[in-house]
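Treat the numbers as computed from the prediction; the structure is a model and nothing was measured. The chain is numbered in sequence order, starting from 1.
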Amino acid sequence: MTRWGLVSTIKAPVRDILAFAAHHLDLGAARLYLYLDAPNPEAQEVLQRHPAIRVQVCDDAYWQAAPIKRPKKHQPRQTFNASEAYKTADVDWLTHIDVDEFLWPDHPVADTLAALSADTQTLRVRPMELLSGSDTAYKAWLPPGPDRDRIAARLYPTYGEFLKGGFLSHVAGKVFVRTGMSPITFRIHNVFLGNDMNPGVAESTDMALCHRHALSWEDWHSSYRFRMAQGSYRPELAPNRPHEKGGVKMHDLFAMIESERGEDGLRAFFEEVCAATPRQRAALEKEGLLRICDLSLDAKIAKHFPGI
């Protein structure tokens, strides 16, 4: 029986943490390695009662005992913790995903991983992106190529040329990696075996990652400044295509929108690209890119953490 698990460094409300854990337990994860980026006694108390969950609180004592100083940015804290968890993970496959990402397989995850050839060492799982204002509607990932740009332009006539396949967040997805290899180091969207990135990589055809990047305008706007400074819109990230081919960084795009139209401009961008409007749903459906995924998170919390 193939055993799989995940590792995640989390700073979120208790309910969000339990929903993330319950969903993946329901999919058959044999182990969840959850690193609480800040002390959260309520979440810790509930999580550590479950036999499949290993909880590590990343407090001052944790970082003082670590071989590195606590990184100021959350991304290197995430990748350090994932790399540490991999060293002793008692599963056959491990993936590193975030608290707003939910695996969505067509078949049992263990079966998919067991069917991979022996020379497949990593498996990439591509994302879907939630339509804000809906709990179940997602836009599907578009593979790179000329069709992606043309479809994005049809879907988003104002901003499609600045986006990768119409996505506000990442299109790289996340990877599963076989355990037992060394030295493995994680990055946010990749892993390295020494200097070899994603050794023996394959692309999953029957599993996706539901990315709940923006639940609503309020949710997105509340995270916007942080993402512009340190998160997924930070200035050092690459544009959707090279600058010489007209590419613009997300950071620069948002800065331009704000300078020209302020918050009204951001709202207009959000309405066109993110919101679950009838126009967007119909346009995605016409392109064959609308996905309906009912995660049923409340029911899964009740099942795996009864009495909460």
* **Test log, rule salt bridge (charged side-chain N to carboxylate O under 4.0 Å, His left out), inputs Arg15 and Asp298** => CA-CA 9 Å; Arg15 193 78 177 175; Asp298 287 341; 3.5 Å; yes
Self-check item: Stepwise salt bridge (charged side-chain N to carboxylate O under 4.0 Å, His left out) check, Asp135 with Arg212
Solution: CA-CA 9 Å; Asp135 197 46; Arg212 298 168 71 81; 2.4 Å; yes
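Here the shortest heavy-atom pairing between Pro143 and Arg148 reads O-CB, 3.3 Å. Across all their heavy atoms, Leu123 and Ser204 have their closest contact at CD1-N, 3.6 Å. When every heavy atom of Ala214 is checked against every heavy atom of Phe270, the shortest pair comes out as CB-CE1, 4.2 Å. For the pair Pro235 and Lys249, the tightest heavy-atom approach, listed with the atom from each and the gap, is O-NZ, 2.8 Å.
Atoms CG and OG, on Asp100 and Ser169 in that order, are 7.5 Å from each other to the nearest 0.5 Å. To the nearest 0.5 angstrom, Thr9 atom OG1 is 10.0 Å from Gln56 atom CD. Thr179 OG1 to Leu94 CG: the interatomic distance, rounded to the nearest 0.5 Å, is 8.0 Å. Here the straight-line distance linking atom NE2 of His23 with atom CG of Leu32 works out to 11.0 Å at 0.5 Å rounding. Put simply, CH2 on Trp104 and CG on Asp294 are 6.5 Å apart, with the number rounded to the nearest 0.5 Å. Interatomic distance, Leu297 CG to Asp16 CG, rounded to the nearest 0.5 Å: 9.0 Å.
With a 4.5 Å cut-off on side-chain heavy atoms, Gln78 and Asp98 count as touching.
Comment: Arg49 engages Glu45 in a salt bridge, judged by a side-chain N to carboxylate O separation of less than 4.0 angstrom. Asp147 has a carboxylate O that lies under 4.0 Å from a charged side-chain N of Arg150, or vice versa, which qualifies the two as a salt bridge. Using a 4.0 Å cut-off between a side-chain N of Lys or Arg and a carboxylate O of Asp or Glu, Arg225 and Glu258 qualify as a salt bridge.
Under a 3.5 Å cut-off, the side chain of Arg3 and the backbone N or O of Asp90 do form a donor-acceptor pair. No donor-acceptor pair under 3.5 Å is formed between the side chain of Lys73 and the backbone N or O of Gln230. Between the Glu287 side chain and the Leu155 main chain, no donor and acceptor come within less than 3.5 Å of each other. With Arg77 contributing its side chain and Pro71 its backbone, the two residues share a donor-acceptor pair below 3.5 Å. In this structure, Gln44 contributes its side chain and Val57 its backbone to no donor-acceptor pair below 3.5 Å. A side-chain donor-acceptor contact under 3.5 Å links Thr122 to the backbone of Pro199. When atom types are taken as modelled, the side chain of Asn198 and the backbone of Val201 share no donor-acceptor pair closer than 3.5 angstrom. Checking side-chain atoms of Lys139 against main-chain N and O of Val273 turns up a donor-acceptor pair under 3.5 Å. Side chain of Arg124 to main chain of Ala172: a donor-acceptor pair is present (N/O by atom type, distance under 3.5 Å, no hydrogens or angles). Not one N or O on the side chain of Asp37 forms a donor-acceptor pair closer than 3.5 Å with the backbone of Ile10.
Using bins of under 30°, 30° to 60° and over 60° for the plane-to-plane angle, the ring pair Trp4/His24 lands in the perpendicular bin. Phe102 and Phe20 have perpendicular rings, their planes meeting at more than 60° on a 0 to 90° scale where under 30° would count as parallel.
Aromatic rings from Phe254 and Phe269 are positioned such that their centres are separated by under 6.0 Å.
Under the salt bridge (charged side-chain N to carboxylate O under 4.0 Å, His left out) criterion, the residue pairs touching residues 199-210 are Arg126-Glu203, with sequence neighbours excluded.
Put simply, Val171 and Val125 are part of two different groups of oily side chains (I, L, V, M, F, W, Y) that touch within less than 4.5 Å, one to the next.
For the ring-ring contact (aromatic ring centres under 6.0 Å, His included) criterion with Phe80, the lone passing option out of Trp63, Tyr86, Phe186 is Trp63. Results of the side-chain contact (heavy atoms from CB on, under 4.5 Å) test with His96 over Val177, Leu6, Asn190, Ile188 single out Ile188 as the only residue that passes.
Considering only residues two or more places apart in sequence or on other chains, His211 meets the ring pair (Phe, Tyr, Trp, His ring centres under 6.0 Å) condition with His170, His213.
In the model, Tyr156 has a side-chain atom that pairs as donor or acceptor with a side-chain atom of Gln280 under 3.5 Å.
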